[in-house]
Amino acid sequence: MKQKVIIFSAPSGSGKSTIVKYLLSKYPFLEFSVSATSRAPRGLEKDGVDYYFFTPERFRELVAQDAFVEYEEVYPGSFYGTLKSEVERIWKKGHTIVFDIDVKGGVNLKRIFGDKALSVFIKPPSIQELERRLIGRGTDSAEAIAKRVGKAAEELTYEDRFDRVLINDNLEVAFKEASDIVEDFIGR
Ligand code: 5GP
């Protein structure tokens, strides 16, 4: 069994998590990579499921021990990264690793895993549509939405650095295309 990795990245509001969840439930050979973080758990988040939660001190120790494939200070004081042990755990089972990560993280992971990895950029049909979805979600203030839309416009410029681009206009169509992309890469 070959060691493979599929990386999904997208500007926020592109429906990435919905597509990734669908693929994980459809294909038992896909397994989600649980990241490590130094931030505290939020709400119902569970250790080992949503993240591996570490204190900032422990996270720094792990960095010093070279325990990470990659890590980043995503927000000031909050570190996130992928443990080498997580990658080994999934590959040992013969499973393909799935990453759901921001565009910069996606580009980094593709560079690290090279030919073992397929990177997929999930794209909203347009910035206007993205804005409409964020407003429709009703969870963000007008200011927060303007900020996210600005960030998304910048993130959209990363498209060319990915192996495949998936436009999420109609969800059913996107599910089908995402399945084709996975099956094509896995070779079945
Ligand atoms: P949250 O909202 O869960 O606190 O933060 C999520 C942010 O951390 C997102 O931007 C996500 O892409 C990033 N993130 C999650 N896991 C990792 C990881 O393993 N490595 C890196 N570089 N970023 C990560």
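For clarity, every value in this text was computed on a predicted model and none was experimentally measured. All ligand and atom numbering here is 1-based and tracks the order in the structure. What's counted below: heavy atoms across the whole structure, side chains too, no hydrogens, waters or symmetry copies.
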Chemist: Would you say ligand 1 has an N or O under 3.5 Å from any N or O of Tyr71?
Modeler: no
Chemist: Counting only non-hydrogen atoms of the protein, does one fall under 4.0 Å from atom 21 (C) of ligand 1?
Modeler: yes
Chemist: Short list, please: which atoms of ligand 1 are under 4.0 Å from a heavy atom of Glu72?
Modeler: 22 (N)
Chemist: Out of Glu73, Arg42, Glu70, whose heavy atom sits nearest atom 2 (O) of ligand 1?
Modeler: Arg42
Chemist: Just to confirm my output: which protein heavy-atom neighbour is closest to atom 11 (C) of ligand 1, and how far is it?
Modeler: Asp102 OD1, 4.2 Å
Chemist: Any N or O on Tyr51 sitting closer than 3.5 Å to an N or O of ligand 1?
Modeler: yes
Chemist: Counting heavy atoms only, name the option from Gly105, Ser78, Ala40, Ser35 that's nearest to atom 17 (C) of ligand 1.
Modeler: Ser35
Chemist: Given Phe8, which partner from the list Leu23, Ile181, Leu118 fulfils the side chain to side chain contact (heavy atoms under 4.5 Å, CB included) test?
Modeler: Leu23
Chemist: Measuring only between side-chain heavy atoms, which start at C-beta, is Lys151 closer than 4.5 Å to Asp102?
Modeler: no
Chemist: Can you label the angle between the Phe175 ring and the Tyr22 ring as parallel, tilted or perpendicular, going by 30° and 60°?
Modeler: parallel
Chemist: Below a 4.0 angstrom heavy-atom separation, can you tell me which part of Val74, side chain or backbone, both or neither, approaches ligand 1?
Modeler: side chain
Chemist: Output the list of atoms in ligand 1 that are nearer than 4.0 Å to some heavy atom of Thr82, sorted by atom number.
Modeler: 19 (O)
Chemist: I need the nearest protein heavy-atom contact for atom 5 (O) of ligand 1: residue, atom name and distance, please.
Modeler: Tyr80 OH, 3.3 Å
Chemist: Taking side chain as C-beta onward, heavy atoms only, is Arg164 less than 4.5 Å from Asp184?
Modeler: yes
Chemist: Assess whether a salt bridge exists between Arg133 and Glu129, defined as any Lys/Arg side-chain N lying under 4.0 Å from an Asp/Glu carboxylate O.
Modeler: yes
Chemist: A side-chain contact here means heavy atoms from C-beta on lying under 4.5 Å apart; do Glu72 and Asn108 qualify?
Modeler: yes
Chemist: If the cut-off is 4.0 Å to any non-hydrogen atom of Arg39, which atoms of ligand 1 fall inside it?
Modeler: 1 (P), 3 (O), 4 (O)
Chemist: Can you find a heavy atom in the side chain of Leu109 that is under 4.5 Å from one in the side chain of Val5?
Modeler: no
Chemist: Run the side-chain contact (heavy atoms from CB on, under 4.5 Å) check on Ser14 and Asn168 step by step: do they pass?
Modeler: CA-CA 7 Å; Ser14 301; Asn168 183 18; 5.6 Å; no
